[in-house]
> 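What follows is a single structure, and I will ask about it in a moment.
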There are 2 protein chains.
Amino acid sequence: MTKRPTILDVARTARVSKSTVSLVLQSSSLVKAETAETVRAAMAEVGYVYNRAAANLRSTSVGLIGLVINDLRNPFFTEFATSVQMALSAKGYATVVANSDEDPDLQAQLIGSMIEHGVSALIISPAYGEPERSFGPIIRAGVPAMQVLRQVEARRDHIPFSSFDYIRGGELATRHLLEQGAKNIAFVGGLEGRAITNERMAGYLKVMAETGSEPLVFHGRSSRSFGNAAADLITNKHPEIDAAVCFNDLVALGMLSGFARLGRKLGKEFCLVGFDDIEECAQVWPQLSSVSCDIAAFGQHTASAMLEWLEKDKHPETEYRAGVELIVRSSSLRVPAR
Amino acid sequence: MTKRPTILDVARTARVSKSTVSLVLQSSSLVKAETAETVRAAMAEVGYVYNRAAANLRSTSVGLIGLVINDLRNPFFTEFATSVQMALSAKGYATVVANSDEDPDLQAQLIGSMIEHGVSALIISPAYGEPERSFGPIIRAGVPAMQVLRQVEARRDHIPFSSFDYIRGGELATRHLLEQGAKNIAFVGGLEGRAITNERMAGYLKVMAETGSEPLVFHGRSSRSFGNAAADLITNKHPEIDAAVCFNDLVALGMLSGFARLGRKLGKEFCLVGFDDIEECAQVWPQLSSVSCDIAAFGQHTASAMLEWLEKDKHPETEYRAGVELIVRSSSLRVPAR
DNA sequence: GTTGTTTTTTGGAACGTTCTAAGAGGGCGA
DNA sequence: TCGCCCTCTTAGAACGTTCCAAAAAACAAC
């Protein structure tokens, strides 16, 4: 395995100087067309590979944006990652995605490595825990960074935060269930104490308090299997509950399967609303009502805020909340449509 | 926005030479403990950020592995990406993930950019089309690369291929449905002409031919919505069909929702087998039988094959097929369990 | 104090680019 | 023939590290 050829090898083969080769690389109009052709032929001949690291050594800006995601297996996050990436690549920026898998150590390591590689900016959906180990280096290095969807670092002036208006989402869902005549509405899913759980629950709690109803909360992992188990729990231990707002769609879909297994009819016997409105909501039967967070639009908004920051030095607002919308489908309609 | 401090600024502040600072960075035992302490203090003071690009300029190996995935929204691929990443990070390699979103142009661009950034290796689940534009540069640059899950580049001696034994999977599923007494088995989903469709279908066709049955194939996108529509199509136009092997779980899950909507009972009236065995199969109701491709194990195998290639120069076999297994659940059992 | 040995520290040459300033060659008007 | 202005090409100094060889400092033994 011999060493990679450099610009000098190309220059030697083409019988020109390294400067000329460099100019050809930048397709400068300074070089004569035929010289450029010779140089390109020489590149092909020696198997030249451009070394971007060396080039960036002079002007430390790489046009590379790092995206650190806490859970790559969650469709919500991959949808976000995909839309950010599309928006950035349209503007000529490359995106690298890394998955912290909810591990603060790994997250700190990934962020450190991206900073060292000289990314121009970072977009982070952070894991919980040890914010300082991840965010300290970012602030010290002065790399523009945004935290999205979850807030773990207080210094919003340095690291602005953007997310959805979850509180309003919880309100919309709860009011809708009340309108459907639900008597006992539960909130299901979400790990206790987490900021996002509290936000999604706050709207629910607010409406329950307004109407003087007793809140019923079942915390747990935000997974299908927890939802599935919750369906059993509610059916067996809390038969009075006739509706639920779920922490997210995965929990709601789990409950939906659980109720199907138990033979309970959604709509008639139980009204269910999810949160996120992932694609699957419209594909399952009965179709799942959900608080829609337009994650693709959110990704685009995030990307363009970051680009304005980078290119026009326009610092984003310290907190941004994207709007949400309740999508009503049959899982929450007392009298099924049609 | 002032220039980033370098090793020289640190040296000046700590009143030592740049070489000493460099040694401290590598936590060499050559420097006296107290000197090292002074240097570290100086680093903190000036806000030093290590510049890995500059360091890599000398020894062109970065310990960075690129993972290019064709569809980041598909759980099957994200599961794969996650497990590769975990296995690599355990061995001290960082992984960057990029999503080509089935776009050969974008894929070529991403691969080019990763090569230029000097990744040590590439693992690619390729998009279909224009293999030369993506794989040519890889071969020219001499970067170790593997194509996984899909084969689009013929030169396997350069770019080894690994995937699952899909043919056997199709066989297992079809035989199982026959044992359940199915009379007319269809194959549903998968875009026509694609290598992976043909492989997954080959086992089905083989068993059908052996038993002299007429194959019935419904090609289409590998999505829930296609499965959902296929349930209608089969129920209305082909009522004689009483079982199906699906191209993947998404199609099967779409059919499952469709049948629920149409009120057809899986197991009794129709037997269904999916492909991939994603987590959701065990969460839906009725639970979905599926050909299990242990994607996490596959990811680990891929990662370690790549590491052996990099570290021990042991070239992987040109083609590797991981085993598959049929997981029988209630969606395909004529007489439901218990 | 001298000499030898070990421990620390250091200057300077890489690494592969870009970019500035200057050089080479040729055409053209005086 | 000279000077001037083109067009094209090039030497050489960056950029921020690592690493080698060698210098300096510290210590030990005589």
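The shown structure was predicted, so the numbers you read here are calculated from the model rather than taken from an experiment. Below, chain A is the first sequence line, B the second, and so on; all start at residue 1.
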> Using a cut-off of strictly less than 4.0 Å, decide whether A/Thr20 has a side-chain nitrogen or oxygen near OP1 or OP2 of D/dT10.
yes

> Looking only at the side chains, is there a donor atom on one of B/Thr318 and B/Asp157 sitting less than 3.5 Å from an acceptor on the other?
no

> Do the ring centers of B/His158 and B/Phe135 come within less than 6.0 Å of each other?
no

> What do you reckon, are the aromatic ring centroids of B/Phe298 and B/Phe164 less than 6.0 Å apart?
yes

> Starting at atom CG of A/Asn56, determine the distance to atom P of D/dG16, rounded to an integer number of angstrom.
12 Å

> Heavy-atom contacts under 4.0 Å between residues 24-45 of chain B and DNA chain D, which residues?
B/Gln26

> Under 4.0 Å between a Lys/Arg side-chain N and an Asp/Glu carboxylate O for A/Arg133 and A/Asp105?
yes

> Answer yes or no: does a side-chain N or O of A/Ser17 lie under 4.0 Å from OP1 or OP2 of D/dT10?
yes

> Students often get this wrong, so: under 4.0 angstrom with heavy atoms, is A/Leu23 touching a base, only sugar-phosphate, or nothing?
base

> Would you mind telling me which of C/dT17, D/dG16, C/dG12 lies closest to the side-chain atoms of A/Leu57?
D/dG16

> Rounded to whole Å, please give me the gap between CG in A/Leu8 and P in C/dC15.
9 Å

> Please report the distance, rounded to the nearest Å, between CZ in A/Arg52 and P in C/dT17.
12 Å

> Side-chain N or O of A/Ser19 less than 4.0 angstrom from OP1 or OP2 on D/dA11?
no

> Can you figure out which of C/dG16, D/dT10, D/dT17 approaches the side chain of B/Asn51 most closely?
D/dT17

> What is the nucleic acid contact for B/Ala55, judged by heavy atoms within less than 4.0 Å: base, sugar-phosphate only, or nothing?
sugar-phosphate

> Which part of the nucleic acid does B/Val49 contact within heavy-atom distance under 4.0 Å: base, sugar-phosphate only, or nothing?
sugar-phosphate

> Will you find, in the side chains of B/Ser22 and B/Gln26, an N or O donor that is under 3.5 Å from an N or O acceptor?
yes

> Determine, for A/Arg73 against A/Glu102, whether the closest basic-nitrogen to carboxylate-oxygen distance falls under 4.0 angstrom.
no

> Take atom CD of B/Glu311 as the centre, draw a 6.0 Å sphere, and report whether it contains more than 12 heavy atoms from other residues, nucleotides or ligands.
yes

> Nearest whole Å is fine: how far is C/dT10 C1' from B/Lys18 NZ?
8 Å

> Whole-Å distance between D/dC19 P and B/Ile7 CD1?
11 Å

